[in-house]
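To start, the structure under review is shown below, and the notes come after it.
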Protein chains: 2
Amino acid sequence: MAGDSRHPERAAVEALTDSFVAGLLEWIRIPSIGVDPAHHGDVRRSADWLAGRLREDGWPQVEVWDDGPALPAVFACWPSEDPQAPTVLVYGHHDVQPVDPVERWHHPPFEPVTSGDEVLGRGASDDKGQVAMHLLAVRAHLAATGRTSPSVTLKLFVEGEEESGSPHLRKLLEDHGNALGCDLVVFTDTSLHERDAPTVNTGQRGVLGGEIVFYGGTDDVHSGRAGGAIPNPATALAKLVAALHDDEGRVRLDGFYDDVREPTDREREDYASLPFDERVWLATSGGGAQATSGEPGYSTLERIWVRPTAEVNGLLSGYTGPGLKTIVPASATAKISFRLVPDQRPEKVEDQLRAFVAKHTPDGIRAEVTFRGTGVPPYAISPDHPANATVREAMELAFDRPVRFARAGGSGPAAVLQALLGVPLVYLGATLPDDRVHAPNERVVVPLLLKGAEAAAHLWRMLAGAGIAKRVTDESV
Amino acid sequence: MAGDSRHPERAAVEALTDSFVAGLLEWIRIPSIGVDPAHHGDVRRSADWLAGRLREDGWPQVEVWDDGPALPAVFACWPSEDPQAPTVLVYGHHDVQPVDPVERWHHPPFEPVTSGDEVLGRGASDDKGQVAMHLLAVRAHLAATGRTSPSVTLKLFVEGEEESGSPHLRKLLEDHGNALGCDLVVFTDTSLHERDAPTVNTGQRGVLGGEIVFYGGTDDVHSGRAGGAIPNPATALAKLVAALHDDEGRVRLDGFYDDVREPTDREREDYASLPFDERVWLATSGGGAQATSGEPGYSTLERIWVRPTAEVNGLLSGYTGPGLKTIVPASATAKISFRLVPDQRPEKVEDQLRAFVAKHTPDGIRAEVTFRGTGVPPYAISPDHPANATVREAMELAFDRPVRFARAGGSGPAAVLQALLGVPLVYLGATLPDDRVHAPNERVVVPLLLKGAEAAAHLWRMLAGAGIAKRVTDESV
C-alpha cells in the first residue's frame, strides 16, 4: 500500500511516522494544564515548543500570542503560491486537562509511553495528538505533491484555554481578526465514531451551566425543634429538580424545545447505520451505567448528539459526613447544566431556567440562580454542505471505506469561531470516544492519527481547485 | 416571698442559691464532650465531680459506673426512712454537646460566665443545669421539712452518653436493673414553653435516621458523552425525595400515619392556650426561617409536638466545588430522618421506608438504604395520669401561676427508660427552648432553675402520701 500511486500522501505520512511520534511524545512531556495557575509556565513552554516545531517544519510565519489576558496561543500561516487558492484555518488547543485522580494512572501522566499501536499520556488525544496530526498532514502534503508551499493558504490557530472553556477566545478573535481571516475553519478537536467506523462530525452540542441555591433559615436547625413546621430547602429543591424532567425524561422548562432543529431523515439514517453495541457503550462512554434511558422516540446516539438535555451535576445540602445529624438544613444547592442543540440559544435557556425556578420556589424559600459565564452555543453544519462532501471524500480516500456523518455530544468553541470569522466550519479528527480524555490513562491510537493526517493531506490538495474554494465560501452554513 | 410560710421550700432554695451557682460553674468547666474520644477523660472527671458533690450533699450511696462499654454514669440512692414511701428515679446526663462553631462563642465555652440572671457555657442548660437543679431540690426539701432523709426514696441516674444517642443505656438498665428499680421516673432533660408560660412536658417524639444512596454507573461521566442517555442518580433521588411529601406536607410512606395517636381535645386546648408569637419562634427555634409550613390542620406547636415528620438532613451528589463540572454523577446520597410520635415504632417505619425506596428506584439505578442504629421510640404519658397531676401542682406552687401541659419535639431515652423499668415517667425541668442548646452561647436562666428546684422539692413532699404513691404505681401509662 505504501507505494500505491493513487496515494502518494499515504507513503509520505508513513515515511514521517517516526519523527511524528517522537515529536508528540516530547510535547506531551510538557504539563500544560491551563486550569491550574501553577502550570501556566508550562502552558507557555508548550506554546513555545509548538512554535519551534512549526518553524522547523518550514512555516514561514509563526507567532506566540502572549499579550494576555488569554494564556499563550500559537498562530502560524503558510501562504499558498496561488493567489486564487482558498485560505483554511486549522483550529486546535494545546492546554490539557488536570490529571486527578493521579493514583489511577498506570504511569506518570506526563511521562508518555507507547504500548502496541497506542501512545498514552495526558493530552495524547485531547488535543495535542490531533494538532500534531495536522502538522504531519502539511509535511505529507508537501512531500506527496512535491510543492514548497501548500496548495491552499494554511493558517493554524492553537489556543491555550480550551479546557478552561475558552474564556478569552472571543477577544482573541476580535483582536486578531485580520490575521485569522479565512474561507473555512477545520476543527481538529473531534473524534471518529469507532475504530472501524470512521465518521465526519457535523456539529457539537452547546452547554449552559448554573447553580440554584434555595435558602430557608439563616442556620441549620435541630429537627426536633422545628422539623415539620418550617420549609426544608432540601425538600423544596428536590421537588424543583424532580419537576425538571417529566417521567419519561423530557425537559420541562417552558419553551425549551421551541428552537430545537430536528435532525433530517438523512442524518437519522446515517446515525442508525453506525455500529452501536449498547453493552460496550454503557461500559465505556456510559461510565459503567446499568441501562440506557432518556427522551422517548430517540436512539441513544440521537439522545447524545441531536437532543438537548438537562443534567444535575451536583447536589449539596445540610450534613453530609458520617452518621447522622438531625437538622433542617439552612440551604440546598443544585448544580445543573444543559446541553443545547441548534437553534437553541444559551441566553434564552437561561431565562427559561430563571422562570422555572421562580415558579418552583415555595413560600418561605429564597432562591438564587447564578450561571457560569454565558454558556457555549451549539453548532451544526449541514452534511450536504459542499465543504463536508470534500472532507468526507478525503476521509474515504484515507480510510479506504465508506465514511458516514455523525455528531458530537460535547461542547466546544465551534459556534463562536464560525460566528466571529463568518465562514463555515468543518471537523477533521481521528481520535476515538474511548480514548479516556479528561480521565486517567488517556491514550491515542497512532494508526488512526496517521489516517487522519493522510485525510487532511488529501483535503489540502482537493480544496485547491478554484471551484471548490468558491463553493466553500459561497454556500451558507 | 422568701419568708412565705406556705413555701418553706422557696426560702430553702434561696438560701442555697450562691452555693448552687458556684457548683454549676465548677461543673461546666469540665469539658465532658462524650462524642469526642479526646474528651473521654473529661467525661470521667465530670462523673467524679458529680459523685463528689453528691457525697458532700449527704447522699449515703454514690457510685460511678465505669465498667464499660458505656462512658461513666453516676448512680446515687438516698432511702426514705418510711418503708411505705415510693421510690423515684431522677434521670439526667452529664455529657455535653461539642462546641463547634467555636468562633461564634462570645467566651470560651468551658469558661462559664454569669451575665444578669443567666449562666452561659456549654452544658449550662443541657443537662448539667437541670441535674444540678435536682441536687439543689433535695437539699431544699430536707432543709424545708427538717428531715435528715427525703420523704420518698430518691435515686439519681446520670448517664454520660445522651448526646451520643445513649447507645449503651439499654445494657446499663439491664445490668443494673436491681439498683434502678423504682415506682416513677422523673426526667430532667426537658424545658418550659416560655419564661412566663411554665409547662409540664408529657412526651417526646422518637427519631429514626438513615441514608439512601442511589448508584448509577461506576464513575462520574462527562455529560457531553452520555448526558441524556443514561439515568442520572441525582435526578432519580430528587424524584424520590420529592415524592416523600405530598404538596401539602404530609409524609407519603405507605402506612406512616396508621399508628399515630391523635392528641386529645384537652391536649389541643392546652397547646392552643399557650402564648405563641410566630415571628419570635421563627427567629429562635425556627433558625431564622422565613415562614412556617407543614401538615395542614395542625398548628405549629402541634406539628412539632404531636405529629410525625420526615426531614431531609443532607444531600450529596457529584461535583459540589466552585464553578461547574459537567458530569452525570455516579451516585447520589440523601440523609433522611423521621420524628415519630406514639404509637409509631421505629422498626415499622424502617420497613415502610425500605418499601418506599424500592418503589421509587427506577431502572438502571441500584439503591442502598442504611439506618443509624434502631432509632429512638417516641414516648407520651397522659396528662391525666395522677403523677402528672402531682407534678403540675408542684410546678404551680413554685411558679405561682397556672401550669399547662405541653410536649417536646425532640427525642430522648424516655421510652427506653419507661419500657425497661416498667414504671411511668414524668418530666420536670425548667430550662427554655431558646437556651441555645447544641449551639454557640448556650445559657441557662438561673431564676427558672431555682423555681424548678422548688417544684421538685414540693414534689418529693407531695409524693410521700401513701395514696399518691399507690396511684403512681398502679395507674397504667
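In what follows, chains carry the letters A, B, and so on, assigned in the order in which the sequence lines appear, proteins first and then strands, with residues in each chain numbered from 1.
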Inset, instruction - Would you mind checking which part of B/S411 comes under 4.5 Å of any heavy atom in chain A, side chain (CB onward), backbone (N, CA, C, O), both or neither? - result: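 Neither part.
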With a 4.5 angstrom heavy-atom cut-off, could you sort out which part of [X] is near chain B: side chain, backbone, both or neither?
X	answer
A/A234	both
A/L282	side chain
A/P322	backbone
A/T333	neither
A/R250	neither
A/T309	side chain
A/V221	side chain
A/P433	both

Please rank [options] by heavy-atom pairs under 4.5 Å with chain B and give me the top one.
options	answer
A/G294, A/S285, A/A289	A/S285
A/Q290, A/R205, A/R366	A/Q290
A/G228, A/G410, A/A226	A/G228
A/G165, A/G217, A/G249	A/G217
A/P308, A/S317, A/A236, A/P233	A/S317
A/I327, A/V241, A/T300	A/I327

Could you check which of [options] has the highest count of heavy-atom pairs closer than 4.5 Å to chain A?
options	result
B/G227, B/G321, B/G286	B/G227
B/G323, B/A330, B/A408	B/G323
B/A334, B/G318, B/G364, B/S299	B/G364
B/G210, B/P231, B/S293, B/A291	B/S293

Legend entry - Note: A/R225-B/D434 ion pair, threshold 4.0 Å (strictly below):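 No, this pair does not count.
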Using side-chain heavy atoms (C-beta onward) and a distance below 4.5 Å, is [X] in contact with [Y]?
X	Y	value
B/W281	A/I230	yes
A/T320	B/E211	no
A/V437	B/H222	no
A/V207	B/T326	yes
B/T235	A/H245	yes
B/S337	A/S223	yes

Legend entry - B/D363 atom CG, neighbour heavy-atom count above 12 within 6.0 Å: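 No, CG of B/D363 has 12 or fewer neighbouring heavy atoms, counting only those of other groups under 6.0 Å.
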How many angstroms lie between atom [atom1] of [X] and atom [atom2] of [Y], to the nearest 0.5 angstrom?
X	Y	atom1	atom2	result
B/L324	A/K335	CG	NZ	6.5 Å
A/L244	B/K239	CG	NZ	8.5 Å
A/L316	B/L315	CG	CG	8.0 Å

Legend entry - Steps toward side-chain contact (heavy atoms from CB on, under 4.5 Å) verdict (B/N232, A/E311): CA-CA 7 Å; B/N232 183 322; A/E311 293 290 351; 2.7 Å; yes
Legend entry - Side-chain donor/acceptor of B/D219 to backbone N/O of A/G287, under 3.5 Å: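 No; judged by distance alone, with no hydrogens or angles, the pair does not exist.
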